[in-house]
Amino acid sequence: MADPKGFLTTGREVAKTRPVDERLKDWDEVYVPGSLLPIISKQAGRCMDCGIPFCHNGCPLGNLIPEWNDFAYREDWQNASERLHATNNFPEFTGRLCPAPCESACVLAINQPAVTIKNVEVTIIDKAWETGDVTPQPPERLSGKTVAVIGSGPAGLAAAQQLTRAGHTVAVYERADRIGGLLRYGIPEFKMEKRHINRRIEQMRAEGTKFRTGVEIGRDIDAAKLRKRYDAVVIAAGATVSRDLPVPGRELSGIHQAMEYLPLSNKVQEGDFVTPPITAEGKHVVVIGGGDTGADCVGTAHRQGAASVTQLEIMPRPSDERPGHQPWPTFPMTYKVTSAHEEGGERVYAVSTTHFEGDEDGNVQFLHLVEVEFKDGKFEQKPGTERKIPAQLVTLAMGFTGTDQENGLVQQFGLDLDERGNIARDADFATNVPGVYVAGDAGRGQSLIVWAIAEGRSAARGVDRHLTGDSALPSPIRPTDRALTV
């Protein structure tokens, strides 16, 4: 145990963010660089090294949290990094992007603020990169087997790295022009600077993983032909079909899916555009959807100079404290104020869009909404609560419904789907097609980054067993495992 009295003598302290007026002028990460290191050892010392560490159950990766907390408390960064990487290929991604269900399951959180697990994690990995402790781990020998991974999001990258290190020759196919999937083009720079992805890609290249960008399996290469070229295939194409809003006026110009809007600002940061083709500059912006993607749209609109930003959510406002029907150690639905929300804008709950109104040129100008309440399993409108708000740019951030079936990948492979429209798989993450496996959102449905990495690691074990008859690779989850919720 790091500090036997740490949880009694040290209060919770989190990473400091830069002033709003400063960070709105750039796209750098919102946190003050280096602000965690002076405080993180004491924060790690708040870990109680519980007899039953429920943080393990909160995280699907099975992260060895009390162990690396102990090393961080002692400032033994090399061993902390080793323990961190034992279960997680990309802790710099999860330490920045994960909503930290491990902290909700922290035993200390029963009656005190949880240990700052996420901040400890990101400090350890940033220190490891700084000191050169993160190095390529090429295999000692090659198996002679080849694997294609379709998709370069966290699930695909995790599967590829595990299989490369097991000795297989792995090629990752990505339909976008750069590697990273939603990490690259769905996550704004202010949440995670893309240099973190770039250096992991270089590590993977040094280990032997090959990358093929600008290639969409199903359109550019027939999926059945790809299967014949490789000994195994891992489908990690994500759940990229966005939920739409079929109301009158949806066809007006200025209404876009979040994943039409967000990637363009990232492409500006990559140097592809001087200004994005879709911009919030000078416009009244409405974001429909109250989740993380909606918050990303809010922060992006602020930085582009929106005249106003309003975020709509059909559900009622969550409570500030853990609801009684969502007891510890489950992940509670509480009111969250992200860095984007700190920067301004209005959040409106329990409302539904009825229609859009445009000008004579077909551009959206107003959004009409009505208050709703949830009764008998459905939303009912409240009479007399209709109103309209200015809306010159609308982004739809209402989640995703499944993997893309229009590109032909599912049909060309001949894959079975489950009742939710995801690609069906067995206990080894294998599909109905021999040698074809599925990992991440394509098989699980829309989920968190930690689940994606856990899926990639688990699917890699299934592939390795298929290719060699056995596997020493870890498998942290089963396809049927679900988050610790009620």
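Side-chain atoms are counted along with the backbone in the values below, which use heavy atoms only and exclude waters and symmetry mates. In this text the structure is predicted, and so the values were computed from the model without any measurement.
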For Trp77, which of Thr131, Thr123, Leu84 qualifies under side chain to side chain contact (heavy atoms under 4.5 Å, CB included)?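 Exactly one candidate clears the test, Thr123.
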Cation-pi between Arg243 and Phe400: NZ/CZ under 6.0 Å from ring centre and within 45° of the ring axis?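 Not flagged: Arg243 not positioned over aromatic ring of Phe400.
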Centre of Tyr335's six-membered ring, under 6.0 Å away, within 45 degrees of the axis: is that where NZ or CZ of Arg317 sits?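 Yes, cation above the ring, under 6.0 Å and within 45°.
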Under 3.5 Å, side chain of [X] to main-chain N/O of [Y], donor-acceptor pair present?
X      : Y      : answer
Arg12  : Ala114 : yes
Thr385 : Val372 : no
His341 : Ala295 : no
Asn266 : Arg184 : yes
Glu455 : Gly440 : yes
Lys194 : Met192 : yes
Gln304 : Ala280 : yes
Asp3   : Lys5   : yes
Arg387 : Glu371 : no

Pair Phe190-Asp28, side-chain contact (heavy atoms from CB on, under 4.5 Å): steps then yes or no: CA-CA 5 Å; Phe190 58 81; Asp28 298 340; over 6 Å; no
Decide yes or no on side chain to side chain donor-acceptor pair (under 3.5 Å) for Ser81 and Asp133, but give the supporting numbers first. CA-CA 8 Å; Ser81 173; Asp133 287 334; 5.6 Å; no
Flag yes if more than 12 heavy atoms outside [X] fall under 6.0 Å of its [atom1] atom; otherwise flag no.
X      : atom1 : value
Glu281 : CD    : no
Ile52  : CD1   : no
Arg195 : CZ    : yes
Arg199 : CZ    : yes
Glu373 : CD    : yes

Are side-chain N/O atoms of [X] and [Y] paired as donor and acceptor at under 3.5 Å?
X      : Y      : answer
Thr87  : Asn63  : yes
Thr94  : Asn88  : yes
Tyr31  : Arg23  : no
Gln311 : Glu346 : no
Ser308 : His284 : yes

Is any side-chain N of the basic residue among [X] and [Y] closer than 4.0 Å to the acidic one's carboxylate O?
X      : Y      : result
Arg175 : Asp404 : yes
Asp481 : Arg444 : no
Glu13  : Lys42  : no

Centroid-centroid under 6.0 Å between Phe374 and Phe379 rings: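 Yes: the rings meet the under 6.0 Å criterion.
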Taking side chain as C-beta onward, heavy atoms only, is Leu97 less than 4.5 Å from Ile187?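 Result yes, sub-4.5 Å side-chain heavy-atom pair found.
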